[in-house]
2 protein chains.
Amino acid sequence: MEYPGRGDAARTMALLWDGAPVPRRGPRQRLDLARIIDAAIAEADRSGPAALSMRALAQALGIGPASLYTYVPGKAELLELMVDRIAGAQPLPAADAGWRAGLHGLAASDLATFRAHPWLLQVATSRTVFGPNVLTRHDAALALLDGYGLAAIDVVGCVTAVESYTRGAASAVVEAEQAPVLTESSDDEWWAQRAPLLSERMAGRFPRLTALEQAGAFAVSDLTLPYTLQRALDRFAFGLDLVLDSIGARIAAARD
Amino acid sequence: MEYPGRGDAARTMALLWDGAPVPRRGPRQRLDLARIIDAAIAEADRSGPAALSMRALAQALGIGPASLYTYVPGKAELLELMVDRIAGAQPLPAADAGWRAGLHGLAASDLATFRAHPWLLQVATSRTVFGPNVLTRHDAALALLDGYGLAAIDVVGCVTAVESYTRGAASAVVEAEQAPVLTESSDDEWWAQRAPLLSERMAGRFPRLTALEQAGAFAVSDLTLPYTLQRALDRFAFGLDLVLDSIGARIAAARD
DNA sequence: GAATACACCGAACGGTGTACGGTGTTTCTT
DNA sequence: AAGAAACACCGTACACCGTTCGGTGTATTC
């Protein structure tokens with residue numbers, strides 16, 4: 001799954017910013033780019049990030065695999081288009097209710113997006129997609145901290161911190177959410193097989209983990225879906241509050 | 001690259017916790033598990049996460065591809081072993097110098113590991129590896145906040161927040177670091193091709209981005225490696241301080 | 001010495017992303 | 001009106017992937 005995006009950057013940029021070029025001669029295109037991207041997103045949602053195959057996508061669209069390449073230079077570029085399209089579907093953070101509500105909303109929206117499209121976590125780690133929607137979103141995020149007296153570099157630092165935290169913490173949430181999904185067809189096979197083996201090996205060692213597990217703050221075995229997911233969501237909110245509290249402190253300090 | 005780890009969990013657990021079983025009959029094994037894992041890590045470092053192929057690994061080890069499967073059930077399990085082995089090579093966080101130095105050291109060590117093995121960011125997102133070294137490290141991290149009067153659930157929340165932030169922010173650092181690496185062979189091809197196209201499209205829109213760019217806090221084009229990397233590292237430290245400051249506030253509040 | 005358990009490997013299966021050449025359709029040019 | 005050009009579409013093929021299978025030879029055990 002190394003998609004360095006070698007193929008000419010100009011075409012990718014044009015696709016991201018200007019859409020597909022309209023051909024002036026020859027037969028009409030049977031599909032349009034938006035439909036392809038949406039179908040690809042749906043396919044990826046259904047069957048995982050790298051499980052998205054050009055062949056399956058072509059079949060879902062009713063065309064031959066090779067025909068896809070008349071719309072899109074390759075899979076790497078298609079993934080970039082998918083990322084930017086999803087960014088465009090997200091609501092932009094609003095500064096109306098103050099910086100804290102704005103950043104909170106930004107993080108909540110990002111979390112919801114990662115939960116809806118878990119494969120984004122594996123795609124977006126490699127390199128930022130410089131598409132119009134992604135940049136618009138970034139711009140709106142930076143605007144949230146405008147006018148509070150923070151230095152420009154600190155504005156960027158705070159927004160980046162929220163986004164970094166969100167990405168990392170969203171991984172945990174998605175993991176908690178997906179664990180039983182992958183195994184639901186076979187009665188929690190994954191955990192059912194590992195849990196006894198694990199608690200057997202952990203006996204004696206790991207005093208902290210077992211202590212916290214008994215305090216109800218942690219569980220490494222004996223998991224059920226809603227419990228784990230709720231805990232992951234609680235932790236997400238807890239950590240987000242940590243970050244936001246500190247930003248508040250910086251703002252208060254800058255007000256002097 | 002969907003590796004659900006279907007193959008029997010018992011064998012994977014045994015490999016993680018007890019090492020490879022020693023055969024009692026037949027010819028001696030020509031390799032040992034540790035060498036295979038190390039070679040796989042080296043291969044992944046060199047050529048990316050999914051670019052690690054069992055065939056190339058076998059060739060690097062001087063055996064046939066099929067022979068790998070006498071040591072390891074499959075690629076998914078091998079990746080788990082790689083993750084745990086790397087966790088074992090990291091220094092454990094020390095509580096000697098107080099919680100803040102301890103958490104800072106934890107994040108710094110994680111960041112260094114992600115920079116040394118960037119593919120971890122794409123592998124570890126899918127599911128936690130329950131190996132001895134990973135768990136030991138987790139246990140030591142939780143111990144850092146022991147004895148400061150925090151509720152058990154908040155201890156977990158704080159440590160998780162640091163780890164989540166680290167993972168997310170490490171992505172940005174690795175991205176800044178890798179961008180020119182991928183293209184060094186062809187004169188910054190990636191950026192050189194995109195930068196002009198990008199600033200052309202950005203003209204006019206994105207007031208915040210361009211303002212911040214002019215303030216020197218941000219740069220979307222006109223990048224050079226050391227500049228970007230240094231800025232990414234600064235941002236990493238800035239956000240980490242945000243998280244740690246808030247943890248300090250919670251500890252102070254709990255002291256009453 | 002025979003039986004057994006095992007490491008190793010060549011070949012193959014079903015999958016992937018993508019390149020190429022050909023065919024038929026539409027539009028522009030003359 | 002007729003030809004040329006540009007284009008969408010697709011069958012096929014290539015190189016690669018992870019993994020399985022059957023066979024072969026070796027070391028230990030009985």
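Hydrogens, waters and symmetry mates are skipped; everything else that's a heavy atom, side chains included, is used. Below, read A as the first sequence line, B as the second, and so on, with proteins coming before strands; counting in each chain starts at 1.
Closest approach to the Met54(A) side chain among dA7(C), dC10(D), dT18(C) is made by dT18(C) (side chain taken as heavy atoms from C-beta onward). Set against dC9(C), dA8(D), dC6(C), the side chain of Gln29(A) has dA8(D) as its closest nucleotide. Side-chain proximity of Pro23(B) to the nucleotides dA7(C), dT18(C), dC10(D) is greatest for dA7(C).
The interatomic distance linking Asp32(B) (CG) with dA7(C) (C1') rounds to 15 Å, in whole Å. Atoms NZ (Lys75(A)) and C1' (dC16(D)) sit 14 Å apart, rounded to a whole Å. For the pair Arg24(B) CZ and dC6(C) P, the interatomic distance rounds to 10 Å; values are reported in whole Å. The separation between Leu79(A) atom CG and dT16(C) atom P is 15 Å, rounded to whole Å. Straight-line distance from the CZ atom of Arg30(B) to the C1' atom of dA27(D): 14 Å, rounded to whole Å. Taking atom CG on Leu68(A) and atom C1' on dT16(C), their separation rounds to 14 Å, with Å as the unit. Straight-line distance from the OH atom of Tyr71(A) to the P atom of dT18(C): 17 Å, rounded to whole Å. Put simply, CD on Glu77(A) is 12 Å from C1' on dT18(C), counting in whole angstrom units.
Nearest heavy-atom pair across Met82(A) and Ala44(A) is CE-CB, 4.0 Å. In terms of heavy atoms, Val134(A) sits closest to Ala87(A) at CG2-CB, 3.8 Å.
In this structure, Phe206(A) and Trp17(B) have perpendicular ring planes: the angle between them is above 60°, well past the 30° mark.
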Return all side-chain donor-acceptor pairs below 3.5 angstrom for residues 166-174 of chain B, not counting sequence neighbours, or 'none' if the list is empty.
unit_1, atom_1, unit_2, atom_2, d
Thr166(B), OG1, Val162(B), O, 2.7
Ser171(B), OG, Arg167(B), O, 3.3

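Every residue two or more places apart in sequence or in another chain that forms a salt bridge (charged side-chain N to carboxylate O under 4.0 Å, His left out) with Asp38(B) is listed here: Arg85(B). Residues passing the side chain to side chain donor-acceptor pair (under 3.5 Å) test with Glu163(A), sequence neighbours excluded: none. Remark: Thr136(A) engages no residue in a side chain to side chain donor-acceptor pair (under 3.5 Å) (not counting sequence neighbours).
Heavy-atom distances to DNA chain D give each of Ser67(A) and Pro27(B) a nearest nucleotide, and the one nearer the 5′ end belongs to Ser67(A).
Residue Arg25(B) places none of its side-chain N or O atoms closer than 4.0 Å to OP1 or OP2 of dG25(D). Between Tyr69(A) and the phosphate of dG17(C), there is no side-chain N or O to OP1/OP2 separation shorter than 4.0 Å. For the OP1/OP2 pair of dC9(D) and a distance below 4.0 Å, the side-chain nitrogens and oxygens of Thr70(A) include at least one atom meeting the criterion. Residue Arg28(B) has no polar side-chain atom (N or O) positioned under 4.0 Å from OP1 or OP2 of dC8(C).
Using a 4.0 Å cut-off between a side-chain N of Lys or Arg and a carboxylate O of Asp or Glu, Arg205(B) and Asp139(A) do not qualify as a salt bridge. Salt-bridge annotation for Arg137(A) and Asp110(A): present, with a side-chain N of the basic residue lying under 4.0 Å from a carboxylate O of the acidic one.
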Collect all protein-nucleotide pairs involving nucleotides 10-14 of chain C in which both atoms are nitrogen or oxygen and the distance is under 3.5 Å.
unit_1, atom_1, unit_2, atom_2, d
dA12(C), N6, Arg55(B), NH2, 3.4

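Residue Ser53(A) is in sugar-phosphate contact alone, with no base atom involved, counting any heavy-atom pair closer than 4.0 Å across all strands shown.
For the helix from dG1(C)-dC30(D) to dT30(C)-dA1(D), the angle separating the two terminal helix axes comes to 10°, with each axis derived from five pairs and the value rounded to 10°.
Remark: Gln90(A) CD is packed, more than 12 non-hydrogen atoms of other residues, nucleotides or ligands lying under 6.0 Å away.
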